[in-house]
Amino acid sequence: MGILNHLAAQLALIRKISIRNHQTTMSRRIHARRTEGVDKNVWVEFTQLAAEYKAVNLGQGFPDFSPPQFITEAFCKAVSGGPPMHQYTRAFGHPALVQSLAKFFSRIVGHDIDPFEDILVTVGAYQALFCAFQALIDEGDEVIIVEPFFDCYQPMVVMAGGKAVYVPLRPKEGTAVLSSGDWVLSAEELASKITPHTKAIVINTPNNPLGKVYKREELQMIADLCIKHDLLCFSDEVYEWLTYDGAKHVKIASLPGMWERTVTIGSGGKTFSATGWKVGWAMGSGHILKYMKTIHQNSIYHCATAAQEAVAQGFEREHELFGTPQSYFQQLPAMLHHRREKLASSLKGVGLQPIMPEGGYFMITDISSIAVDFKDSDTKDENYDFRFVKWLIKEKGLATIPVSAFYSPEHSKEFDKYIRFCFVKENSTLDAAEEILKKWSQNESSH
Ligand code: PMP
Ligand code: GLN
């Protein structure tokens, strides 16, 4: 909380300075057009609000507990590892990291990954996504995005000059929708969105915010369309180790004919519970990756050396322990399985029906049954879930994220009755959230 308060104070200061700077206006248009329409950001807005109101934070997706000891020790060792650890390393990825990623993922993808050709280390998965869109999408290209989607895909397509085209995951009809697996993608609907301008399909499995883990058959259907129409696939797999109830994560790049056309995106932050390190990567055939490297070398150049070294050591360890109970890739989902159950039971306890995620660390719930009298007239033009979450933070001290933020501007109004809870949190944080929910529901029933 200390860091968040500090952050809130810094932000307030920056706001004051920027208001002052506005007084010296220039007569010409300052901004580049690509900044238009992409200025709102749910993380910026709600992280600040949660900090301002000192809310119990089940909003932004980051662990509020320490990363595992082996990875923090690896980081400390790197930092005290002599001068080279503090200087530039190879632009496209620290050699130790690309080698350990290649070794680790070759056996999973079933393809010999060349550490120096087929991998680009990036500043988090965010920059891997940014490089993919900048390097591979031209003006006028269409990019198909499956809704709901991690919010940055849409502005990144727009900033590249492309056109985002959406295809929804829809709740299965005629059954109670209790699990993320009940949300499905129609092959016909997806196929109907493909035009001669389509360049790529973006998928995210396990999905944020829903927690859907795509089944092999679903991925095969997407792969068949990519191959038939000669499309690229951007597969965001930052939660790849977090699956529950026997759901299996499958890499679309491992399906026949897909390695050659898929960019797989991963995150050291999500993998080792250290989101602030911002080490990510893109993996795929060198003939695609080379264009992403061009964007990277001319923008970021490279990422923090010591953090890359530590993530490399983490993957070396996981390579040794793969499939054993000591592997963090088994321990983290086992722990989160409990947290998922705990959060679900808190929600059910106050009459909210969660959609159980098969993967990831988020859970969404329908809030349409809750009647709230919003007094805040400033927010009256906003989507219902945005108003609801603001009210929840300000009036009840609990931060979550509105799910319509994960829908396109065109469709967000239709999906504004869900909110997202994050459960990669200490038990004590989940307990505090439960207390708030309980108190609230008791107050409601006594009225
Ligand atoms: N993709 C998804 C689906 C995410 O949830 C996130 C947020 N962590 C990212 C990409 C960005 O990851 P990173 O923090 O490694 O930049
Ligand atoms: N990926 C994280 C989430 O979905 C956080 C992203 C961010 O803070 N920009 O909560």
> Does the ring centre of Phe386 sit less than 6.0 Å away from the ring centre of Phe374?
Replying inline: no
> Can the ring centroids of Phe92 and His302 be said to lie less than 6.0 angstrom from one another?
Replying inline: no
>> The test is ring pair (Phe, Tyr, Trp, His ring centres under 6.0 Å); show your working for Phe322 and Tyr328 and say whether it passes.
In response: CA-CA 9 Å; Phe322 194 64; Tyr328 191 61; over 10 Å; no
Sequence neighbours left out, cut at 3.5 Å: what donor-acceptor pairs do the side chains of residues 149-158 make with other protein atoms?
{"from": "Asp151", "atom 1": "OD1", "to": "Trp43", "atom 2": "NE1", "distance (Å)": "2.8"}
{"from": "Asp151", "atom 1": "OD2", "to": "Trp43", "atom 2": "NE1", "distance (Å)": "3.3"}
{"from": "Tyr153", "atom 1": "OH", "to": "Asp236", "atom 2": "OD2", "distance (Å)": "2.6"}

> Salt bridge between Glu382 and Lys390, side-chain N to carboxylate O under 4.0 Å?
Replying inline: yes
> Charged N to carboxylate O below 4.0 Å: is that the case for Glu240 and Lys251?
Replying inline: yes
Cation-pi, [Y] ring and [X] (6.0 angstrom, 45 degrees):
| X | Y | value |
| --- | --- | --- |
| Arg317 | Phe70 | yes |
| Lys212 | Tyr214 | yes |
| Lys278 | Tyr126 | no |
| Arg339 | Phe423 | no |
| Lys413 | Tyr407 | no |

Around atom [atom1] of [X], are there more than 12 heavy atoms of other residues, nucleotides or ligands at under 6.0 Å?
| X | atom1 | result |
| --- | --- | --- |
| Arg33 | CZ | no |
| Gln69 | CD | no |
| Glu139 | CD | no |

Indicate whether any N or O donor in one side chain lies under 3.5 Å from an N or O acceptor in the other, for [X] and [Y].
| X | Y | result |
| --- | --- | --- |
| Gln127 | His296 | yes |
| Ser428 | Glu426 | no |
| Glu45 | Asn41 | no |

>> Let's go through Leu430 and Phe421 carefully: what are the C-alpha distance in whole Å and the side-chain angles of both, what is the deciding distance for side-chain contact (heavy atoms from CB on, under 4.5 Å) to 0.1 Å, and is it a yes or a no?
In response: CA-CA 10 Å; Leu430 296 174; Phe421 292 80; over 6 Å; no
So does [Y] get a backbone contact from the side chain of [X], meaning a donor-acceptor N/O pair under 3.5 Å?
| X | Y | value |
| --- | --- | --- |
| Arg90 | Phe116 | yes |
| Asp385 | Val403 | yes |
| Thr198 | Thr195 | yes |

> Can Lys290 and Glu117 be said to form a salt bridge (Lys or Arg N to Asp or Glu O under 4.0 Å), step by step?
Replying inline: CA-CA 8 Å; Lys290 71 176 184 189; Glu117 298 291 322; over 6 Å; no
> According to the interplanar angle, ranging from 0 to 90°, do the rings of Trp241 and Phe104 count as parallel (below 30°), tilted (30 to 60°) or perpendicular (above 60°)?
Replying inline: perpendicular
> Quick one: salt bridge (Lys or Arg N to Asp or Glu O under 4.0 Å) pairs with a partner in residues 91-109, sequence neighbours left out?
Replying inline: Lys103-Glu316
>> For a side-chain contact (heavy atoms from CB on, under 4.5 Å) check, start with the C-alpha distance between Ile144 and Ile194, then their side-chain angles and the critical distance, and finish with the verdict.
In response: CA-CA 8 Å; Ile144 298 178; Ile194 298 172; 3.7 Å; yes
>> Between Lys417 and Tyr384, does the side-chain contact (heavy atoms from CB on, under 4.5 Å) criterion hold? Intermediate values first, please.
In response: CA-CA 7 Å; Lys417 294 286 162 24; Tyr384 183 83; 3.6 Å; yes
